[in-house]
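Right, one structure below, let's go through it.
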Protein chains: 2
Amino acid sequence: MEIIIDIEDPVPLFAQVMEQIKKAVLSGKKNPGEPLPSIRQLANDLELNNKTVAKAYRLLERDGVIQARGYRGTFIHPDAKANSRVDLTAWVLEELNETIEALRVKDVTDSEIRIAFTNIMNNHVN
Amino acid sequence: MEIIIDIEDPVPLFAQVMEQIKKAVLSGKKNPGEPLPSIRQLANDLELNNKTVAKAYRLLERDGVIQARGYRGTFIHPDAKANSRVDLTAWVLEELNETIEALRVKDVTDSEIRIAFTNIMNNHVN
DNA sequence: ATATGTACCATGTATGATAAGGGTACATAT
DNA sequence: ATATGTACCCTTATCATACATGGTACATAT
């Protein structure tokens, strides 16, 4: 894997890993079924913490870009190419923005929106 | 006015002021047309900053609980009782919660939701 | 043994943003 | 003069959060 990590970059490390794996899929450098380096291996290569790479892998799996097969390792997802095009972040932004705009037109202040948001996020058990 | 402010309370000061004025209206301690202490007066009594009380008054006026008549002072709104029952906060909570729940069932993490939320609120000009 | 993903405990650090306060000023009226 | 609501300027302190890190452990397989 030719992944380059820039510690100076404001983009979080785990996000940089995600970006570059997605790019490798979209450009055809990595194809469905092909194996990825193990979490520990990649973390070692990039001089990152295991947890940082694990986080990237976890999110990539949720997004259908990769598949974790336990002790057998991690592989590119069959639908990786299509799923790499989906920008979940943008979608979340749209959904939230729609709701917030609806509140604002009713003269709900940003303060009040923030307070409500904080309440919701805090009274939640993960 | 028998307003009691608790600095230890995590509820923001301006919200505490709002709550108690609404309560006074609902309990009949304050009736439509009756005057409220001036912003500076109340701020002085409660040992709060003018701006904090002004914020509470501004929001209460938006909610139709009080009426500001410029140099003449501030008074209880004619429809204060009905409008005090409208819990805008609860409504905002519901609206937001609905959207957030929809995101969560799609395995969007709370972290991602928070990041998106912060983006939206910051790129907004009041 | 060695390696896989995964899960849990924990800490530190830095950033960002809120709420609150301080000050000053204005037009309006008594 | 004095008081009203309102609108700006700027500052500060506290808090919450994300990120990254460290360690340990487990079931599973080669």
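The chains referred to below are lettered A, B, ... by the order of the sequence lines, with proteins before strands, and numbering in each begins at 1.
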* From C:dA19, D:dG5, C:dG5, nucleotide with atom closest to B:Pro12 side chain ->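 From the listed options, C:dA19 comes nearest.
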When you compare the protein's N or O atoms with those of nucleotides 15-17 of chain D, which come within less than 3.5 Å of each other, and at what distance?
unit_1: D:dT17; atom_1: OP1; unit_2: A:Asn122; atom_2: OD1; d: 3.4

* Asked: When the distance from CG of B:Asn44 to C1' of D:dG5 is rounded to whole Å, what number comes out?
  ->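 Going from CG in B:Asn44 over to C1' in D:dG5 covers 17 Å.
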* Remember a base hit wins even if backbone is also touched, and classify B:Gln67 as base, sugar-phosphate or nothing at under 4.0 Å, heavy atoms. =>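 B:Gln67: no heavy atom of the nucleic acid under 4.0 Å.
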* Answer with base, sugar-phosphate or nothing: what part of the nucleic acid does B:Gln41 contact at a heavy-atom distance below 4.0 Å? =>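 No contact.
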* To do: Sort and list the pairs that fulfil side-chain hydrogen bond (donor to acceptor under 3.5 Å, both in side chains) and have at least one residue in residues 82-100 of chain B, not counting sequence neighbours.
  =>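 Pairs touching residues 82-100 of chain B that pass the test: A:Thr99-B:Thr99.
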* **Residue whose nearest DNA chain D nucleotide is more 5′ - B:Glu112 or B:Ile39** =>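 The residue whose closest nucleotide sits nearer the 5' end is B:Ile39.
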With sequence neighbours excluded, tell me which residues meet side-chain hydrogen bond (donor to acceptor under 3.5 Å, both in side chains) with [X].
X	answer
B:Lys55	A:Ser111
A:Glu61	none
B:Ser38	none

Counting only pairs under 3.5 Å, give me each side-chain donor-acceptor contact of residues 9-16 of chain B, with atom names and distances, residues two or more places apart or in other chains.
unit_1: B:Asp9; atom_1: OD1; unit_2: B:Val11; atom_2: N; d: 2.8
unit_1: B:Gln16; atom_1: OE1; unit_2: B:Asp6; atom_2: N; d: 3.0
unit_1: B:Gln16; atom_1: NE2; unit_2: B:Asp6; atom_2: O; d: 3.0
unit_1: B:Gln16; atom_1: NE2; unit_2: B:Val11; atom_2: O; d: 2.9

Below 3.5 Å, can you tabulate the donor-acceptor pairs from side chains in residues 62-76 of chain B to any protein atom, sequence neighbours excluded?
unit_1: B:Arg62; atom_1: NH1; unit_2: A:Asp107; atom_2: O; d: 2.6
unit_1: B:Arg62; atom_1: NH1; unit_2: A:Glu112; atom_2: OE1; d: 2.6
unit_1: B:Arg62; atom_1: NH2; unit_2: A:Glu112; atom_2: OE1; d: 3.1
unit_1: B:Arg62; atom_1: NH2; unit_2: A:Glu112; atom_2: OE2; d: 2.7

* Asked: Can a salt bridge be assigned to the pair B:Arg104 and B:Glu101 using a cut-off of 4.0 Å between side-chain N and carboxylate O?
  ->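 Yes, B:Arg104 and B:Glu101 are salt-bridged.
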* Given Watson-Crick or G-U pairs with both distances under 3.5 Å, what dot-bracket string fits DNA chain C, with | for other-strand pairs and [ ] for crossing? -> ||||||||||||||||||||||||||||||
Distance-only donor-acceptor hits, side chain of residues 41-52 of chain A, under 3.5 Å, sequence neighbours excluded:
unit_1: A:Gln41; atom_1: NE2; unit_2: A:Asp45; atom_2: OD1; d: 3.2
unit_1: A:Asn49; atom_1: OD1; unit_2: A:Lys51; atom_2: N; d: 2.8

* Asked: Quick one: what's the B/S/- string for nucleotides 21-30 of chain C, heavy-atom cutoff under 4.0 Å, read 5' to 3'?
  -> BBB-B--BS-
* Who pairs with A:Phe117 by ring-ring contact (aromatic ring centres under 6.0 Å, His included), at least two apart in sequence or on another chain? ->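 Checked A:Phe117 against ring-ring contact (aromatic ring centres under 6.0 Å, His included); matches are B:Phe117.
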* Asked: Partners of A:Lys29 by salt bridge (charged side-chain N to carboxylate O under 4.0 Å, His left out), sequence neighbours excluded?
  ->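 A:Lys29 satisfies salt bridge (charged side-chain N to carboxylate O under 4.0 Å, His left out) with A:Glu2 only.
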* Sub-3.5 Å donor-acceptor pair from the side chain of B:Lys81 to the main-chain atoms of B:Gly28, do we have one? ->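 Checked: no pair found.
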